[in-house]
Each structure stands twice: as C-alpha cells, then as structure tokens.
Colleague: 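First the structure, which I've put down as structure tokens, then a few questions once you've had a look.
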Amino acid sequence: MITVGGTGTTPVVALRETLKNLERLPDVFLVCPKGENGPYDATCVGGARSLDPEEAIRNVPLKKKLVFTRGDPGQDTIKLWDETTLATVYALCDELKAHLEAGDHLLITCVGGNNRSRMFAHAIDPSQPPPECEVLRRIAENYRKGPDRPNLAPLQMTRALRSRA
C-alpha cells in the first residue's frame, strides 16, 4: 500500500486525516524538503519540522525512514536536476519498490503532495496518480524502463507548474 500526501499548511490536514483513519502507521516513510533548502516536516508521523533531515525523522517510530534532499527542479541552473539527482531518485525508487513488494506500507510526502511524492509513487506503481508536473511524470515513466533508461538530465520544470502549498 502507498499513501501519498503533502506536508504544507493546507494539504497536511488531509494527510493527517488519512493517517488517522489507517489501521496502523506506515512501515516506510520518505520525506522531501520544502523547496531546495527548506525544512523537512515529519510531524505527521511523530517527527519534527527541521532544516536537518536527520533531526526531522529522528523520533519517527517507523521501520524505515528515507530522505530526498532536493526541491522541485527549478528554472535556474543551481536547481536543475542533474544525473546525480536522477541516480538518487532511481535508487530511492528501487528501495521503495523493494519495500512495497515485501508488503510494507509506504508513506511518501512532499510539501504539496502533487509532484515529488507522486513522482516516487507513480514510478514504482503506475496505477498511482502521476505527478502534476510533466517533467516529474517523465522521470517516473523513465524509471520503469530499467537500467538502460535514457539520460534525461539536466531537467527543470516550468515556473507555471511549480506548486506552492
């Protein structure tokens, strides 16, 4: 099972309601920061909100805690997603997929719950809703092509598609 949600001010309300209605907490948690250098919010699963991802997830009572350190790909060259970032995305997808296949319940969050979190979920399970961002949708679909997938880097999303929550 995969639960996807947002940790921003508005979407976290729905995420907390979803988590409250589950029979048990997820086994695996993946958190993304707010923006490129913003805080990580793990309060929805008993963690903290912190600029330090390890501090944010330290007290999370789940089996496995994962961190993706990048914000949405931006328009400037500093925020472009390069080959290293894509390799990190694909490695996290591999780990998430292994946990899903083992029967673990995954919780994947980003600020809005619409782009990075959906990218990971859609990559490992195509029945999950795709990200709103076309670029992140392409990354998810590219992941499923396996180790001989084409290199999509460098990647950026258009300003109009960036979500603010």
Colleague: Quick one: CG on Leu30 to CG on Leu62, what's the gap to the nearest 0.5 Å?
Modeller: 12.0 Å

Colleague: To the nearest 0.5 Å, how far apart are CZ in Arg58 and CG in Asp52?
Modeller: 6.5 Å

Colleague: Find out whether Arg70 and Glu36 are in side-chain contact, i.e. whether some heavy atom of one side chain is under 4.5 Å from a heavy atom of the other.
Modeller: yes

Colleague: Would you say Arg144's side chain and Asp125's backbone share a donor-acceptor pair under 3.5 angstrom?
Modeller: no

Colleague: Hey, mind stepping through Val28 and Leu66 against side-chain contact (heavy atoms from CB on, under 4.5 Å) and telling me if it holds?
Modeller: CA-CA 8 Å; Val28 179; Leu66 303 169; 4.1 Å; yes

Colleague: Tell me, do Val111 and Asp41 make a side-chain contact under 4.5 Å, heavy atoms counted?
Modeller: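 Val111 does not reach Asp41 side chain to side chain.
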
Colleague: Knowing that exactly one of Lys63, Lys64, Arg24, Lys97 qualifies, which makes a salt bridge (Lys or Arg N to Asp or Glu O under 4.0 Å) with Asp104?
Modeller: Lys63

Colleague: With a 4.5 Å limit on heavy-atom distance, are the side chains of Ile108 and Arg116 in contact?
Modeller: no

Colleague: side-chain contact (heavy atoms from CB on, under 4.5 Å) between Ile57 and Tyr40: does it pass, once the steps are laid out?
Modeller: CA-CA 9 Å; Ile57 63 174; Tyr40 298 81; over 6 Å; no

Colleague: Verify, without hydrogens or angle tests, whether Asp27 (side chain) and His105 (backbone) share a donor-acceptor contact under 3.5 angstrom.
Modeller: yes

Colleague: Measuring from Cys93:SG to Met119:CE, what's the distance to the nearest 0.5 Å?
Modeller: 6.0 Å

Colleague: With the side chain counted from C-beta on, respond yes when Leu136 and Pro73 share a heavy-atom pair under 4.5 Å apart, and no when they do not.
Modeller: yes

Colleague: What heavy-atom pair brings Gln128 and Val4 nearest, and what distance separates the two atoms?
Modeller: OE1-CG2, 4.2 Å

Colleague: Do Val89 and Phe120 have side chains that get closer than 4.5 Å, going by heavy atoms?
Modeller: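 Answer yes - side chains close enough.
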
Colleague: Measure the shortest side-chain to side-chain distance between Trp81 and Val135 over non-hydrogen atoms and say whether it is less than 4.5 angstrom.
Modeller: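 Counting from C-beta outward, Trp81 and Val135 never come under 4.5 Å.
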
Colleague: How far apart are the closest heavy atoms of Phe29 and Ala42, and which atoms are they?
Modeller: CE2-CB, 3.6 Å

Colleague: Just so I know, are the side chains of Ile124 and Ile2 near enough to count as touching, which here means a heavy-atom distance under 4.5 Å?
Modeller: yes

Colleague: Just do the side-chain contact (heavy atoms from CB on, under 4.5 Å) check on Thr43 and Arg16 with the steps written out, would you?
Modeller: CA-CA 9 Å; Thr43 57; Arg16 286 188 176 133; 3.0 Å; yes

Colleague: Taking all heavy atoms of Gly5 and all of Ser117, pick out the closest pair and write down the distance.
Modeller: O-OG, 4.0 Å

Colleague: Salt bridge or not between Arg138 and Glu141? Use side-chain N to carboxylate O under 4.0 Å.
Modeller: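 Between Glu141 and Arg138 there is no salt bridge, as every charged N stays at least 4.0 Å from the carboxylate O atoms.
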
Colleague: Using 0.5 Å steps for rounding, measure from the CD atom of Glu95 to the CG atom of Leu100.
Modeller: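 Between atom CD of Glu95 and atom CG of Leu100 there are 13.0 Å.
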
Colleague: What I'd like to find out is whether the side chain of Thr109 reaches to under 4.5 Å of the side chain of Val45, using heavy atoms alone.
Modeller: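 No - every pair of side-chain heavy atoms lies 4.5 Å or more apart.
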
Colleague: SG of Cys44 to CG of Leu25: how many Å apart, nearest 0.5 Å?
Modeller: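 Spacing of SG (Cys44) from CG (Leu25) equals 9.5 Å.
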
Colleague: Quick one: does Asn115's side chain have a donor or acceptor within less than 3.5 Å of a partner on Cys133's backbone?
Modeller: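 At least one qualifying donor-acceptor pair exists.
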
Colleague: Apply side-chain contact (heavy atoms from CB on, under 4.5 Å) to the pair Leu19 and Leu107, showing each step before the final yes or no.
Modeller: CA-CA 9 Å; Leu19 293 172; Leu107 171 60; 4.2 Å; yes

Colleague: Would Val60 and Leu22 show up in the same hydrophobic cluster when neighbours are defined by side-chain heavy atoms closer than 4.5 Å?
Modeller: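 Val60 and Leu22: one cluster.
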
Colleague: Can you tell me if Asn37 has over 12 outside heavy atoms packed within less than 6.0 Å of its CG?
Modeller: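 For Asn37, atom CG is not crowded (no more than 12 foreign heavy atoms under 6.0 Å).
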
Colleague: A cation-pi test, strictly: NZ or CZ of Arg149 under 6.0 Å from the centre of the six-membered ring of Tyr90 and no more than 45 degrees from its axis. Yes or no?
Modeller: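 Satisfied, under 6.0 Å and within 45°.
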
Colleague: To the nearest 0.5 angstrom, please state how far the CZ atom of Arg137 sits from the CD1 atom of Ile139.
Modeller: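 CD1 of Ile139 is found 12.0 Å from CZ of Arg137.
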
Colleague: Is Met1 reachable from Leu15 through a run of hydrophobic residues whose side-chain heavy atoms are each under 4.5 Å from the next?
Modeller: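 Linked within one cluster.
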
